[in-house]
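Because the structure is a prediction, the values reported are computed rather than measured. Quick note on labels: first sequence line is chain A, next is B, and so on, each numbered from 1.
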Amino acid sequence: MPSLLDKAYDPNRVEDRIYDFWLKGNYFSARPNPDKKPYTIVMPPPNITGQLHMGHALDITQQDALIRYRRMQGYEALYLPGTDHASIATEAKIVEAMREEGLTKEDIGREAFLERAWAWRDTYGTRIVEQQYKMGASADWSRARFTLDEGCSRAVVRFFVDLYEKGLIYRGERLVNWCPHCNTSISDIEVEFEEHAGHFYKVRYPLKDEEGYLEIATTRPETMLGDSGIAVHPEDKRYAHLVGKTAILPLVGRELPIVADNYVDKDFGTGAVKMTPAHDPGDYEVGLRHNLEQINILNPDGTINEAGGKYAGLDRYEARKQIVADLEAEGYLIKIEPHTHNVGGCQRCGTVIEPMLSTQWFVRMEPLAAPAIKAVREGDIKFVPERFDAIYFHWMENIRDWCISRQLWWGHRIPAYYCDHCGETVVSAEAPVRCPKCGHDHLTQDPDTLDTWFSSGLWPFSTLGWPDETPEMDYFYPTNTLCTGSDIIFFWVARMIVSGYACTDKAPFDTVFVHGMLRDALGRKMSKSLGNGIDPLEVIDKYGADALRFSLATGNAPGNDMRFYWDKVEAGRNFANKVWNASRFIMMNLGKAEIPETIDVSELTGADKWILSRSNDLVKEVTDNLESFELGIALQKVYDFIWEEFCDWYIEMVKPRLYSDEDETKSAALWTLKHVLLVSLKLLHPFMPFISDEIYMTLKEMSGDEGASSIMISEWPKFRTEWVFAKDAESIGLIKDAVSKIRNIRSEMNVPPSKKVNVYVVSESEKIRRIFTDSSIFFAVLGHANQVIVQTDKSGIADDAVSAIIPGALLFIPFAELVDIDKEIERLTREKERLEGELKRVNGMLSNPNFISKAPQAKLDEERKKQEKYNDMMKQVLERLEQLIQ
RNA sequence: GGAGGCAUAGCUCAGCUGGUUAGAGUGCCUGCUUCACACGCAGGAGGUCACUGGUUCGAUUCCAGUUGUCUCCACCA
């Protein structure tokens, strides 16, 4: 129980207890419920490689805000959590850990290795969940899944077998990206290119049967061991006479046919290209067209194999040195030039990858991509912000087959079996007992595992029970919003859409809500190597999860990158404290007072109606913003409302009524305070769930509502047409304006707050006089006035009283001391100049016939009203100036 | 080479379908132990909304180009 005596809010004393309360209340659980509409977000499963980072914190902040919003709106809101086995990433970590013990995978064998991996999963998987608790994630933990658990594995096998049977998965020898460090193939998108300062080696390739040589340029001289041809452009006059002839590979002596192919760029390098079909994607294609020999020269670990002759056994870079030295010694090397070019590295370990000929499993993507492209094209799936669909289309429309087999142990084993006797391939969910072709009963399962994204691509439905027809699939699928970073649109989002249509014939979700990258305060990517990552737990420890969530939810437009700032977290912490203290103030005043549930509008004062009206507007605005995924704007509005309008204005206005014993509107004030606070807390809850519930529950208990349920499942406020009080809003606007003017004058004249003065309000308008008379109680307090005297003319007001102009009225503050007339004239002159500027603009607009004839009526009315207002104020300024100058 | 984002106050950023006195947080200056909050209150300074054109009655907002910057895709040896 919080103490009203705590002046500062301490999240550490609240958050864990509140989370526990939620867990005990079973508030996160969602189940098929025919009386409600479902709303589902599947959590992007964090890798079990380590712990949560800021990117995850951002994910959770957004997803949890959306889920909490929908839950309060009455949806059966399912936030489905889980973790990803992250095949290659985790395996790399484990291998690394083992190396410190002096062990390799091969030393301990597959089974023991997998045992270690599962132990790893238990350790890190648990830690991640604890971190998600800390963030306040309202996920249904009873449904937590793991990509390698039994159900997900069944889905993976089913998907694989289905695709195979449809002819969309095939096995074959192709050129793939090979990581010599991870010792596995990887897919095209797992290769990251980086600019390297390398060299261009120019080498002479002698011609057979005639004098002379061809000049060949290469960045990877060692690959010449696998050369099996030379290509030139068919229209290149320099080489036309050589097409069909033969060159000799230096050092090796192999005969190389010279072929003509459009692939070659005449203007790059020397225009003659050595062809290494087994180690270069472009050469591979040319090789197929011209029937060039494919000579694999590499071992899986990146050393030269026996095809490399005397270089066999050397590491690829060692071989490069040797070959260059030998070329030079034998007079083949023409020169070495510096050359920067892009080199592909392994996404996980950074090792330079080698294109290598290898037998692997592939998914034929083109037919699968078709419905996925159509879905986005036709709006069945929407990207927010929209611009990301262009990236999606570009990739999907140029999609290439996906290499899915990995020479790793930690992952889903490929459900393919090879007959030991006849070599027949059997793809099947169950291990076959005998070969369907020859009947032999010894079959060996493919040792490889699947790309980790093959299983995460099924996440939206494998987690709901697919391939079984479960009630969850029926009710929660298709899911609604998929929130993720822009960096994994290809890896994950595209694959989920593809497999969603392939498996369920439906879109896996209707909206993809994309956020940018989270960077450090200097705008750099947060990364381990830079050591600039910030641990969300550290932030939570210092400032609380609400403050962290605040900092991640606000001040950022959807899809844009954002920087992490401690200052911003501090702002969130300060806001939490503000909310805490405002609530504390309200609760202290509520005390044991009996506040009715509802109140008749006639009992409310203008100020009450104003704040009620404003909170009502806020409900609409925040709801609209959330509907369009403008989370940052939504939270900003709640922040501004609570801090400025509610605390700085309304609470201050209401104080005199609360402190008075005989004020008849006191209970109306208390009712309004309580009501507006409740609405504010509800609107705040999706973003700052802990503090909002802590206060909500305390309020409930104070009201004698023992055993009340969490704000989490309270009803999201609705806009109420009967709470639109335009007139009161206008009146309070005028009062606020007047108060600001008075404060400004006092400040400029260095009048200490302790010094009270009288304020005269002079207006010919009865309406305005009434507004000030009605509000004189709080007007006096906010303006530090002794007395507020409202009258129709200036009679009785000292000539040297300081004045301020507001629309429709003049304010006078007579000071006992002599007023500096010059300073007063200066002040009024500034006001005059400001009004002149405004009038110039308005008059210009309204005297423009084009504006009059073309602008919409509403705009015309608006500007005319302004013109009237400014004219009125200008008249008063001039009068007053004239009076002073005399 | 192709595509896209960003460029607004000292700093970090909002500003939705064109019309606002261009905002917030933080920082800065001045006052304030005002009985919820100094993690606070009040007042204030600070912006030719990158540049050049175009569309429009009207452009920070839409379009084109330029410059700077970041990202993604491709990866020509």
Side-chain angles (χ1 to χ4, degrees), chain A residues 4 7-9 188-189 191 193 200 216-220 223 231 263-265 267-276 280-283 341-344 385 387-388 390-391 394-395 398 486-487 489-490 516-517 519 521 523 543 547 551 554-557 559-563 565 567-568 570-589 624-625 628 630 632-633 636 639-640 647-648 651-652 655 659 740 743-748 750-754 781-782 784 834-835 837-838 841 844-845 848-856 858-859 862-863 866:
Chain A
L4 291 178
K7 280 173 75 165
Y9 174 65
D188 293 341
I189 51 175
V191 180
F193 287 88
F200 229 169
I216 303 285
T218 179
T219 54
R220 296 184 296 156
T223 60
Y263 164 75
V264 179
D265 178 353
D267 304 320
F268 189 84
T270 62
V273 193
K274 67 187 212 48
M275 290 292 118
T276 321
D280 182 278
D283 297 2
H341 59 134
N342 285 333
V343 177
R387 68 180 126 95
F388 287 102
I391 297 173
H394 182 257
W395 193 69
N398 295 287
S486 52
D487 53 334
I489 289 179
F490 306 137
M517 302 270 75
R519 298 168 176 282
Y543 293 100
S551 80
T554 193
N556 175 253
N560 287 2
D561 285 2
M562 69 191 305
R563 299 188 191 192
Y565 266 91
D567 275 1
K568 216 163 148 194
E570 217 165 284
R573 188 271 316 258
N574 294 351
F575 178 52
N577 193 54
K578 188 70 184 179
V579 173
W580 173 252
N581 273 292
S583 307
R584 197 161 69 96
F585 173 79
I586 291 167
M587 289 190 279
M588 283 181 340
N589 280 285
D624 287 350
N625 288 138
S628 53
E630 296 276 2
I633 295 176
Q636 185 68 48
Y639 177 96
D640 288 343
C647 291
D648 291 346
I651 289 183
E652 294 305 323
K655 276 178 178 174
Y659 295 156
S740 295
R743 284 171 173 173
N744 178 301
I745 287 169
R746 293 184 60 108
S747 178
E748 275 193 25
N750 293 318
V751 184
S754 53
V781 173
L782 298 180
H784 297 284
R834 188 185 74 86
L835 287 169
E838 288 301 326
R841 189 185 61 82
M845 265 170 123
N848 181 344
N850 282 322
F851 177 74
I852 302 291
S853 60
K854 293 184 181 172
K859 183 66 191 166
E862 189 189 319
E863 291 301 326
K866 276 189 205 163

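Atom CZ of A/R746 is separated from atom P of B/U34 by 14 Å (rounded to the nearest Å). Distance A/E862 CD to B/G58 C1': 13 Å, rounded to the nearest Å. The distance between atom CD1 of A/I651 and atom C1' of B/U34, rounded to the nearest whole Å, is 15 Å. We find that CG of A/N848 is positioned 8 Å from P of B/G58, with the value rounded to whole Å. Across the protein-nucleic acid pair, A/I633 atom CD1 and B/C16 atom C1' stand 6 Å apart, rounded to whole Å. The interatomic distance linking A/E570 (CD) with B/U26 (P) rounds to 9 Å, in whole Å. Taking atom CG of A/N581 as the reference point, atom C1' of B/C37 lies 3 Å away to the nearest angstrom. Taking atom CZ of residue A/R563 and atom P of nucleotide B/U26, one finds them 19 Å apart after rounding to whole Å.
A/R743 comes within 4.0 angstrom of the backbone, heavy atoms only, and of no base. Using a 4.0 Å heavy-atom cutoff across all strands shown, A/F575 reaches no nucleic acid atom at all. Contact annotation for A/A390: no contact, since no heavy-atom pair falls under 4.0 Å across all strands. Heavy atoms of A/N556 sit under 4.0 angstrom from primed sugar atoms or phosphate atoms, though from no base atom. Counting non-hydrogen atoms under 4.0 angstrom, A/Y639 reaches the backbone sugars and phosphates but no base. Looking at heavy-atom distances under 4.0 Å, A/K568 makes no contact with the nucleic acid at all. Using a 4.0 Å heavy-atom cutoff across all strands shown, A/N560 reaches sugar-phosphate atoms only and no base atom. Contact annotation for A/N750: no contact, since no heavy-atom pair falls under 4.0 Å across all strands. At a threshold of 4.0 angstrom between heavy atoms, the contacts of A/R834 include nucleobase atoms, whether or not backbone atoms are also involved.
Across every non-hydrogen atom of A/K274 and A/T223, the tightest pair is NZ-OG1, 2.7 Å. Nearest heavy atom pair, residue A/G282 against residue A/Y263, reads CA-OH, 3.5 Å.
Of the two residues near RNA chain B, A/P752 and A/M562, the one whose nearest nucleotide lies more 5' is A/M562. Positionally, the nearest nucleotide of RNA chain B for A/N625 lies more toward the 5' end than for the other of A/N625 and A/N850.
At a cut-off of 3.5 Å, with distance as the only test, no side-chain donor of A/N574 or A/E570 sits close to an acceptor on the other residue.
Separation of the P atoms belonging to B/C16 and B/A22 is 16 Å when rounded to the nearest angstrom. Between the C1' atoms of B/U60 and B/A74, the separation comes to 35 Å (whole Å). Between B/C6 and B/C63, the two P atoms lie 11 Å apart (nearest whole Å). B/C13 and B/C73 are spaced 23 Å apart, taking the P atom of each and rounding to whole Å. A gap of 23 Å separates the C1' atoms of B/U71 and B/C76, to the nearest Å. Taking atom P on both nucleotides, B/U8 is separated from B/G47 by 14 Å, rounded to a whole Å. Here, B/U26 and B/C39 have their P atoms 12 Å apart, quoted to the whole Å. Across the P atoms, B/G23 and B/G44 are found 13 Å apart, a figure rounded to whole Å.
Taking only distance into account, the side chain of A/E652 never meets the base of B/A42 through a donor-acceptor pair shorter than 3.5 Å. With hydrogens and angles left out, the side chain of A/K7 and the base of B/C37 share no donor-acceptor pair within 3.5 Å.
Taking 4.0 angstrom as the limit, A/N574 places a side-chain polar atom (N or O) nearer than this to OP1 or OP2 of B/G40. Put simply, A/K866 has no side-chain N or O that comes within less than 4.0 Å of OP1 or OP2 on B/U20.
Atom CG of residue A/D561 and atom CZ of residue A/R519 lie 4.5 Å apart, to the nearest 0.5 angstrom. Put simply, CE on A/M587 and CH2 on A/W580 are 6.0 Å apart, with the number rounded to the nearest 0.5 Å. Atoms CD1 and CD1, from A/I189 and A/I489 in turn, are 11.5 Å apart once rounded to the nearest 0.5 Å.
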Exercise. Map every base of RNA chain B to its dot-bracket character, where paired means a Watson-Crick or G-U wobble contact with both distances under 3.5 Å and | marks a partner outside the strand.
Key: (((((((..((((.....[...)))).(((((.......))))).....(((((..]....))))))))))))....
Quiz prompt | Check against side chain to side chain donor-acceptor pair (under 3.5 Å), A/T554 and A/K568 | solution = CA-CA 9 Å; A/T554 193; A/K568 216 163 148 194; over 6 Å; no
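Residue A/Q636 has its side chain nearest to B/A24 when only B/U21, B/U56, B/A24 are considered. In the set B/U21, B/A36, B/G44, B/U21 carries the atom at the smallest distance from any side-chain atom of A/E838. Distance from the side chain of A/K854 is smallest to B/C57 among B/C57, B/C39, B/G15.
Checked by atom type and distance alone, the side chain of A/S853 pairs as donor or acceptor with a backbone atom of A/N850 at under 3.5 Å. The backbone N or O of A/N581 sits nowhere less than 3.5 Å from a side-chain atom of A/Y9 that would complete a donor-acceptor pair. In this structure a side-chain-to-backbone donor-acceptor pair under 3.5 Å is missing from A/S747 to A/R743. Not a single donor-acceptor pair under 3.5 Å links the side chain of A/N848 to the backbone N or O of A/G844.
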Quiz item: Which letters describe nucleotides 68-77 of chain B, given B = protein heavy atom under 4.0 Å from base, S = only from sugar-phosphate, - = neither?
Solution: --SSSSBBBB
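With contacts defined as side-chain heavy-atom distances shorter than 4.5 Å, the pair A/F193/A/V343 does not qualify.
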